[in-house]
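What follows is one structure encoded as structure tokens, with my remarks underneath.
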Amino acid sequence: MNTEWQLAGQTLQLFRFPPNQHDKSLQAWDSADEYAIEYISENYADDSTNRPVDVIICNDAFGALTIGLHGLSPICVTDSFIAHQAIDHNCTQNNLTAPLILNSLAVLPKSQLVVIKLSKNLDYLKWQLSQVQAMASAHQIEVNIVATGKTTLVTSSVMKTFESCCQNVSSSLAKKKSRLIFATVLPEHISSSTLNKDETQLPPYQAKCPELSLTLSAHANVFCKDQIDIGGRFLVEHMPELPSSTESINIIDLGCGNGLLGVSFLRQNQKQILKSLESQQVNVTFCDESFMAIKSAQYNVKANTPELIDICQFVQDDCLTQQKPESADLILCNPPFHQQQAVTTHIAEQMIQHAKETLKPGAELYLVANRHLPYQGMLKKQFGGFRVIANNNKFTLYHCIKRKT
Ligand SMILES: C[S@@+](CC[C@H](N)C(=O)[O-])C[C@H]1O[C@@H](n2cnc3c(N)ncnc32)[C@H](O)[C@@H]1O
């Protein structure tokens with residue numbers, strides 16, 4: 001992987017996270033980062049007249065924007081645990097103080113410049129622009145926005161989204177296949193209920209699963225926020241029962257998103273869980289690297305199985321880094337096959353490895369995947385083999401048992 005980044009005459013070291021990815025052609029910065037850094041450095045010079053009071057940087061993936069604009073004392077906002085780790089690590093690596101990093105539902109602090117790295121998710125962009133509106137209104141200030149992304153991300157729908165929330169919207173010429181969008185948010189009067197852009201906000205999107213009488217709500221950046229994922233649904237149709245154990249019983253929904261797998265497990269095994277709770281501990285842990293996913297899953301347990309909320313934990317993590325080895329009895333997983341815009345199997349590979357490490361000997365992994373994805377070798381390597389529980393024209397449901405040594 002190329003980790004040496006030449007920026008303004010300096011050589012910086014920048015790593016993609018999580019580390020040890022196989023695809024060596026991927027790097028931790030792109031031309032959209034460079035274009036924004038160049039523009040902002042030229043137009044927001046570090047002097048007392050022009051310098052904005054704290055720049056907010058939204059969605060920096062691995063710290064390139066934060067490092068390039070470090071002179072402007074940035075505060076970062078991210079939904080991603082992995083981005084949080086990468087920004088911290090890459091700043092430290094380049095002898096720079098790591099910035100304050102806020103989660104994606106946090107109220108934005110006062111700032112006159114907001115830099116947004118564009119993603120494909122228009123609803124998430126709308127959420128972030130509404131947060132900027134709330135901040136401009138709360139502090140009665142005018143806020144400039146500079147958004148940056150590959151030209152393919154600067155679509156007419158993206159421009160319309162900016163136009164619906166901002167004034168003076170324009171875009172730059174393309175440079176190395178990247179473009180900038182400029183916009184201003186004026187301090188309009190917004191009612192106090194609209195201003196409440198924080199963690200107490202209810203997840204606004206809904207996916208319904210009538211077969212299970214489940215309604216799952218989700219925040220803007222959650223996978224499949226307004227429809228049930230068909231891979232996840234396939235696992236739900238073959239949901240295992242509550243495992244038995246002499247000690248406490250621990251279940252994990254790995255990469256939980258809106259909580260589809262974990263909430264369905266709770267719903268389908270509710271009676272058995274309540275009975276087991278009379279004599280032993282049962283814990284269900286929802287893990288995801290997205291803050292909005294964790295908050296949505298928590299909301300969905302409360303909404304669908306409120307009696308079981310006290311046995312649930314919600315952990316923002318990179319796979320199962322924070323779980324004890326050999327502690328879980330059952331892991332349910334519908335792994336992702338991309339990171340941001342890049343298609344990759346490394347996260348699934350890491351999930352399978354962490355699942356093996358986290359399961360007790362004799363405990364089980366249920367993993368659903370698109371048929372074409374090459375997970376069989378990974379399952380064989382970690383578990384010594386697998387069983388196909390079910391198959392259809394799109395998905396395969398794998399079952400692995402951790403060997404007792
Ligand atoms: C295919 S979705 C599955 C969501 C949900 N379980 C379902 O079945 O609908 C994969 C999930 O993995 C999460 N994810 C991606 N990378 C992760 C990582 N390194 N650690 C934990 N979760 C991750 C994504 O945020 C996403 O919610």
Side-chain angles (χ1 to χ4, degrees), residues 16-21 59 61-62 78-86 103-104 119-121 124 203 205-209 212 214-239 251-266 284-298 300-301 313-323 330-355 357-358 365-370 373 375 394-395 397:
R16 274 181 87 93
F17 263 59
N20 309 322
Q21 298 184 20
N59 318 332
F62 305 106
T78 181
D79 187 48
S80 160
F81 184 84
I82 293 172
H84 191 134
Q85 282 189 315
N103 71 58
S104 51
S119 73
K120 278 190 182 160
N121 186 338
Y124 187 48
Y205 300 90
Q206 284 196 338
K208 288 192 192 295
C209 192
L212 290 170
L214 276 186
T215 298
L216 298 174
S217 302
H219 289 287
N221 202 33
V222 177
F223 171 81
C224 264
K225 58 183 174 287
D226 43 20
Q227 61 191 39
I228 300 289
D229 176 56
I230 45 175
R233 184 192 291 258
F234 193 56
L235 198 163
V236 168
E237 285 165 10
H238 301 88
M239 189 58 85
I251 321 295
I252 297 177
D253 178 348
L254 171 53
C256 64
N258 59 11
L260 169 67
L261 304 181
V263 175
S264 304
F265 178 85
L266 290 169
V284 179
T285 304
F286 293 78
C287 296
D288 203 290
E289 78 101 23
S290 152
F291 186 77
M292 285 191 166
I294 288 304
K295 286 288 158 190
S296 305
Q298 186 172 24
N300 288 325
V301 174
Q313 289 86 43
F314 302 89
V315 184
Q316 194 190 11
D317 195 2
D318 176 14
C319 299
L320 299 173
T321 317
Q322 296 170 52
Q323 299 301 314
L330 171 65
I331 295 179
L332 307 168
C333 184
N334 174 15
F337 55 92
H338 59 261
Q339 184 180 26
Q340 285 136 28
Q341 267 56 267
V343 174
T344 167
T345 53
H346 80 270
I347 301 174
E349 190 170 7
Q350 190 186 338
M351 285 184 168
I352 293 168
Q353 188 196 331
H354 283 201
E357 289 161 6
T358 307
L365 166 69
Y366 280 70
L367 182 136
V368 67
N370 277 65
L373 291 170
Y375 296 155
K394 279 204 151 150
F395 296 100
L397 176 58

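One-based numbering along the sequence shown. Bear in mind that the values here come from a model prediction, so they are computed numbers and not experimental data. In listed order, ligands and their atoms are each counted from 1.
Looking only at heavy atoms of the protein, atom 23 (C) of ligand 1 is closest to M351 CE, 3.6 Å. In terms of protein heavy atoms, atom 2 (S) of ligand 1 is closest to F223 CD2, 3.3 Å. When hydrogens are left out, the protein atom nearest atom 22 (N) of ligand 1 is E289 N, 3.3 Å; that is the closest non-hydrogen contact. Of the protein's non-hydrogen atoms, N334 O, 3.2 Å is the one closest to atom 1 (C) of ligand 1. Distance from atom 16 (N) of ligand 1 to its nearest protein heavy atom, with residue and atom name: I347 CG2, 3.5 Å. Regarding atom 27 (O) of ligand 1, its nearest protein heavy-atom neighbour is D288 OD2, 2.7 Å.
Residue C319 has at least one N or O atom closer than 3.5 Å to an N or O atom of ligand 1. Ligand 1 has an N or O atom lying under 3.5 Å from an N or O atom of G255, backbone or side chain. Some N or O of D318 is nearer than 3.5 Å to an N or O of ligand 1, by distance alone.
Taking a cut-off of under 4.0 Å to the non-hydrogen atoms of I82, the atoms of ligand 1 that pass are 19 (N). Heavy-atom proximity to G232, at under 4.0 Å, picks out these atoms of ligand 1: 8 (O). Close approach to D317 involves these atoms of ligand 1, each under 4.0 Å from a residue heavy atom: 20 (N), 21 (C). Close contacts of ligand 1 with D229, meaning ligand atoms under 4.0 Å from a residue heavy atom, involve 9 (O).
Residue C224 places no heavy atom under 4.0 Å from ligand 1.
Neither the backbone nor the side chain of P18 has any atom closer than 4.0 Å to an atom of ligand 1 (non-hydrogen atoms only).
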Side chain to side chain donor-acceptor pair (under 3.5 Å) assessment of Q353 paired with E357: CA-CA 6 Å; Q353 188 196 331; E357 289 161 6; 2.9 Å; yes

